[in-house]
Asker: 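Have a look at this one.
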Number of protein chains: 2
Amino acid sequence: MTDPAGPEATPTPVTSAAVARRAGVSRATVSYVLNGQAAGRVGARTQARVRAAAEELGYVPHAAARSLRAGRGRIVLLAAPADAVPAFGPLFADFLAGFQTALHHLGYTGVLHGAPAASPLAAARDWAELRPAAVLALHGPPLDAAAVELLKRSGTAAVLTTGPQAPPGAHALLLDQREAGLRAGAHLLAAGRRRIGVVLPADPRLAAFAEPRLAGVRDAAAAHPGAEVRPLVLARTEESATRLAARWPALGLDAVFAYNDEYAMLLLRALQDAGRAVGAAPGRIAVVGADDLLLARLLRPRLTTVRAETAAPDRIAHLVDALIRDPSAPPAAHRLGTFHLVPRESA
Amino acid sequence: MTDPAGPEATPTPVTSAAVARRAGVSRATVSYVLNGQAAGRVGARTQARVRAAAEELGYVPHAAARSLRAGRGRIVLLAAPADAVPAFGPLFADFLAGFQTALHHLGYTGVLHGAPAASPLAAARDWAELRPAAVLALHGPPLDAAAVELLKRSGTAAVLTTGPQAPPGAHALLLDQREAGLRAGAHLLAAGRRRIGVVLPADPRLAAFAEPRLAGVRDAAAAHPGAEVRPLVLARTEESATRLAARWPALGLDAVFAYNDEYAMLLLRALQDAGRAVGAAPGRIAVVGADDLLLARLLRPRLTTVRAETAAPDRIAHLVDALIRDPSAPPAAHRLGTFHLVPRESA
DNA sequence: CGACCGAAGTTACACGTGTAAGTCGTCGAG
DNA sequence: CTCGACGACTTACACGTGTAACTTCGGTCG
């Protein structure tokens with residue numbers, strides 16, 4: 001477009017050498033100028049000439065060459081195995097957008113990789129090919145020690161993991177799911193409920209999130225003599241919800257905490273279809289969901305839910321940056337956020 | 001872990017040279033063996049030795065070095081600007097998972113990049129740094145000719161774009177949104193409806209999807225004398241839906257096609273709250289959604305919706321592969337899938 | 001017996017970048 | 001006038017790969 005040699009005449013790649021030729025300087029000078037290391041090395045006029053040449057040619061540095069030279073690149077890899085897809089949602093999308101933006105401002109390229117792998121080690125191998133500065137393993141099968149070691153040996157400065165337990169050498173990003181259960185349980189118990197069902201998704205890939213939530217409800221119940229907690233398994237289908245609702249009389253529960261607003265909605269609807277009343281009033285079944293999705297406000301009764309107040313994505317990005325700059329920092333657990341209850345009509 | 005020199009004693013990176021030393025061969029031999037070019041060049045015993053050495057050392061090729069040498073890498077970049085996040089959803093997550101898996105089997109690394117950019121050209125520059133084999137621009141502001149040219153000059157073999165119009169030089173991945181409107185409109189008209197509202201999201205970033213859907217309804221209506229189509233703007237909030245429902249009597253519509261199941265749900269709920277009956281029966285307001293989300297089945301009445309039958313992600317992956325192998329293929333539009341109607345209770 | 005050939009490897013270069021170390025005037029101080 | 005210091009660059013090397021071109025060597029054929 002701004003190419004003076006004509007539109008089709010230049011299949012030659014635009015390298016820093018091309019910029020150097022055009023500006024009439026050496027390649028090293030170009031590198032110094034374009035990386036801001038020119039103070040006291042290159043004169044102002046020359047700098048301007050280099051910048052102009054780069055602009056005119058549409059020069060883009062070759063990230064591969066750069067990371068080859070530097071040993072590691074400026075890529076931050078967000079690894080979320082395709083297996084863990086159910087975890088995607090509006091919350092995750094928002095997080096992703098904010099995080100990548102923040103990384104971009106810090107000079108990194110945040111990138112999401114979702115291909116599934118046969119084993120943690122195989123996954124680590126795939127990731128290591130890109131020689132990322134940091135790897136943030138979001139969900140899926142936890143990394144093991146061997147995987148972390150492989151990443152570190154291939155130059156990854158920081159390995160972070162979500163979930164309660166991080167393998168040796170990796171940092172943990174902690175969003176204590178127990179707290180979600182704790183908040184929901186406390187709310188229900190304060191309202192006088194004593195026989196609480198906890199809906200767990202049938203999908204085993206979500207167990208890592210669901211189990212601690214159940215444990216949290218149990219913790220809350222421990223303080224109340226006579227309180228009882230009952231796990232209930234539910235698949236993400238209408239049929240499964242209908243079956244569970246049919247069993248309801250035998251269960252004798254007066255409250256439920258569902259894994260998710262979606263699961264809450266499934267069960268709530270099935271209970272209503274089976275002729276049982278849902279709501280906060282005594283005698284009705286109290287239902288609490290989680291994640292505060294849009295649909296929670298559209299249900300009738302409106303869904304009481306537990307919501308994560310996540311740390312701003314920027315803060316996580318800065319944390320990652322700090323860990324990259326100081327790779328020797330001892331692995332630690334970093335708290336990601338807290339849960340609180342959003343009371344509405346259903347409990 | 002399998003490192004004989006001890007756990008902490010090897011900060012030295014594992015390169016193909018290390019593998020070569022260990023196997024007692026030259027580096028070139030390692031390269032030939034590990035890339036499957038060894039037929040007729042390297043003996044079986046030597047191949048086995050090389051493979052064993054690579055395994056023991058945990059060798060991972062350096063993608064940067066590889067793409068430096070090859071001119072371009074094996075990365076396929078899925079560009080979905082953070083601005084376009086509302087487009088994320090279960091559908092997109094499923095697509096992403098399948099697509100990345102398929103690419104993985106073809107030897108590519110599919111990667112999602114979501115950082116926003118000031119301009120198409122700036123975005124292209126960010127992407128070009130990674131020297132991807134192909135770029136698949138999913139949503140957001142359309143690429144312009146300059147951006148495509150920059151990518152191609154930096155070695156990108158194929159540039160694909162969703163949406164109706166692709167800039168010169170780029171291939172178009174076409175999911176004709178008009179068809180969604182066409183199907184919904186035809187269904188409503190066949191049921192005798194003549195005054196059809198079309199809900200458009202207030203978010204301007206979704207206009208690229210919404211406008212063609214509206215056009216589709218108009219096309220359907222053109223065949224029916226007396227049919228009228230009325231665009232309605234709705235934000236993704238309860239308040240907005242309530243306001244729209246309040247205006248309903250003045251509008252005098254007997255049917256609605258909503259941009260999305262979520263928007264349909266918002267409006268449906270607001271209409272019900274305002275005391276208006278929704279359903280397929282004459283006299284009720286007919287509502288058709290889109291995308292067939294889980295919530296469509298959980299609403300009462302159950303939501304009639306339009307669903308995209310997308311081409312399998314594998315097929316798209318293979319298309320991308322073909323375009324990378326033959327970069328000279330003239331830009332064309334590739335049809336991605338078709339829409340069909342899922343009749344339920346609301347229309 | 002010499003020429004030729006194929007198998008089995010090896011040598012050597014290129015890819016684009018960052019940066020330490022070197023060069024070459026010029027200017028100021030002694 | 002000499003010498004060192006300094007500004008403004010350039011030279012040269014390293015990073016880890018892939019692959020074309022070359023070597024070496026045992027065997028075959030004319």
Side-chain angles (χ1 to χ4, degrees), chain A residues 11-50 53-54 57-75 107 128-131 133 153-155, chain B residues 11-50 53-54 57-75 107 128-131 133 153-155:
Chain A
T12 64
V14 179
T15 70
S16 72
V19 176
R21 272 193 304 276
R22 187 178 179 94
V25 298
S26 79
R27 217 180 41 66
T29 301
V30 172
S31 182
Y32 283 124
V33 170
L34 262 33
N35 291 304
Q37 311 280 0
R41 299 177 138 289
V42 183
R45 282 185 55 87
T46 310
Q47 288 199 36
R49 244 186 13 256
V50 169
L57 263 53
Y59 170 66
V60 178
H62 196 310
R66 184 177 280 187
S67 61
L68 178 56
R69 165 67 217 204
R72 88 175 65 104
R74 306 283 301 171
I75 290 182
E129 277 193 34
L130 295 176
R131 295 297 192 278
R153 285 185 62 189
S154 71
Chain B
T12 64
V14 180
T15 70
S16 74
V19 175
R21 273 194 303 277
R22 188 179 179 93
V25 298
S26 78
R27 216 180 41 67
T29 302
V30 172
S31 182
Y32 283 126
V33 170
L34 262 33
N35 291 304
Q37 312 280 0
R41 300 176 137 289
V42 184
R45 285 184 54 87
T46 309
Q47 289 199 35
R49 239 179 27 250
V50 169
L57 262 50
Y59 169 66
V60 179
H62 195 310
R66 185 176 281 186
S67 60
L68 178 56
R69 166 66 219 212
R72 87 174 67 104
R74 306 284 298 171
I75 290 182
E129 277 193 33
L130 295 175
R131 295 297 193 278
R153 284 186 63 188
S154 72

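In this text, all values refer to a predicted model and were calculated from it rather than measured experimentally. Only this structure's heavy atoms are used, side chains among them; waters, hydrogens and symmetry mates stay out. Below, chains carry the letters A, B, ... as their sequence lines are ordered, and counting in each starts from 1.
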Asker: Can you name the nearest heavy-atom pair linking A:Leu57 to A:Val19, along with the distance?
Answerer: CD2-N, 4.0 Å
Asker: Among C:dA12, C:dG18, D:dC9, which nucleotide has an atom closest to any side-chain atom of B:Ala28?
Answerer: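 So the side chain of B:Ala28 is nearest to C:dA12.
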Asker: Roughly what angle, to 10°, lies between the helix axis at the start of the helix from C:dC1-D:dG30 to C:dG30-D:dC1 and the one at its end, five pairs per end?
Answerer: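 One end axis against the other gives 70°.
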Asker: Please report the shortest heavy-atom distance between A:Ala64 and B:Leu68, naming the atom on each side.
Answerer: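 Smallest heavy-atom distance, with atoms named: CB-N, 4.4 Å.
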Asker: Check the phosphate of C:dT10 against B:Thr29, side-chain N and O only, distance under 4.0 Å to OP1 or OP2. Yes or no?
Answerer: yes
Asker: Kindly point out which of D:dT10, C:dT10, D:dG16 is positioned nearest to the side chain of B:Pro13?
Answerer: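 The answer is D:dG16, which lies nearest to the side chain.
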Asker: To the side chain of A:Ser31, which of C:dT10, C:dG18, D:dG16 is closest?
Answerer: C:dG18
Asker: Please report the distance, rounded to the nearest Å, between CG in B:Leu34 and P in D:dT19.
Answerer: 13 Å
Asker: Across the strands shown, which category fits B:Thr15 at heavy-atom distances under 4.0 angstrom: base, sugar-phosphate, nothing?
Answerer: sugar-phosphate
Asker: Of B:Gln37 and B:His62, whose nearest nucleotide on DNA chain D comes first from the 5' end?
Answerer: B:His62
Asker: State, yes or no, whether a side-chain contact exists between B:Pro61 and B:Arg66 at a heavy-atom distance under 4.5 Å.
Answerer: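 B:Pro61 reaches B:Arg66 side chain to side chain.
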Asker: Please tell me which of the listed nucleotides, C:dT10, D:dT17, D:dT10, lies nearest to the side chain of B:Tyr59?
Answerer: D:dT17
Asker: Does A:Thr46 reach a base, just sugar-phosphate, or nothing at all? Heavy atoms under 4.0 Å.
Answerer: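 Result for A:Thr46 = sugar-phosphate.
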Asker: Quick one: closest heavy-atom pair of A:Ser16 and A:Arg27, and the distance?
Answerer: OG-CG, 3.2 Å
Asker: Do the side chain of A:Tyr32 and the base of C:dA20 come within less than 3.5 angstrom through a donor-acceptor pair of N or O atoms?
Answerer: yes
Asker: How far apart are the closest heavy atoms of B:Val14 and B:Tyr59, and which atoms are they?
Answerer: O-CD1, 3.5 Å
Asker: Heavy atoms only, 4.0 Å cut-off, all strands: where does A:Arg66 land among base, sugar-phosphate and nothing?
Answerer: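 Sugar-phosphate contact only - A:Arg66 comes under 4.0 Å of backbone atoms but never of a base.
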Asker: Between D:dT17 atom C1' and B:Arg131 atom CZ, what is the distance in whole Å?
Answerer: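 The answer, rounded to whole Å, is 17 Å.
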Asker: So how far is it from B:Thr29 OG1 to B:Gln37 CD, rounded to the nearest 0.5 Å?
Answerer: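 Going from OG1 on B:Thr29 over to CD on B:Gln37, the span is 13.5 Å.
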Asker: Keeping the roles fixed (side chain from A:Arg49, backbone from A:Ala23), state whether a donor-acceptor pair exists under 3.5 Å.
Answerer: yes
Asker: Hey, does B:Ser16 reach any base, or is it just sugar-phosphate, or nothing, if we go heavy atoms under 4.0 Å?
Answerer: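 If one applies the 4.0 Å heavy-atom cut-off, B:Ser16 turns out to touch the sugar-phosphate alone, with no base involved.
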Asker: Measure distances between side-chain N and O atoms of A:Arg27 and base N and O atoms of C:dG18, and say whether any donor-acceptor pair falls under 3.5 Å.
Answerer: yes
Asker: Using whole Å, report how far CG of A:Leu68 lies from P of C:dT17.
Answerer: 11 Å
Asker: Return the value, rounded to whole Å, for the distance between atom CZ of A:Arg41 and atom P of D:dT10.
Answerer: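 A:Arg41 atom CZ is separated from D:dT10 atom P by 12 Å.
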Asker: Would you kindly compare B:Arg49 and B:Arg69 by the position of their nearest DNA chain C nucleotide and give the one closer to the 5′ end?
Answerer: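 Residue closer to the 5' terminus by nearest nucleotide: B:Arg49.
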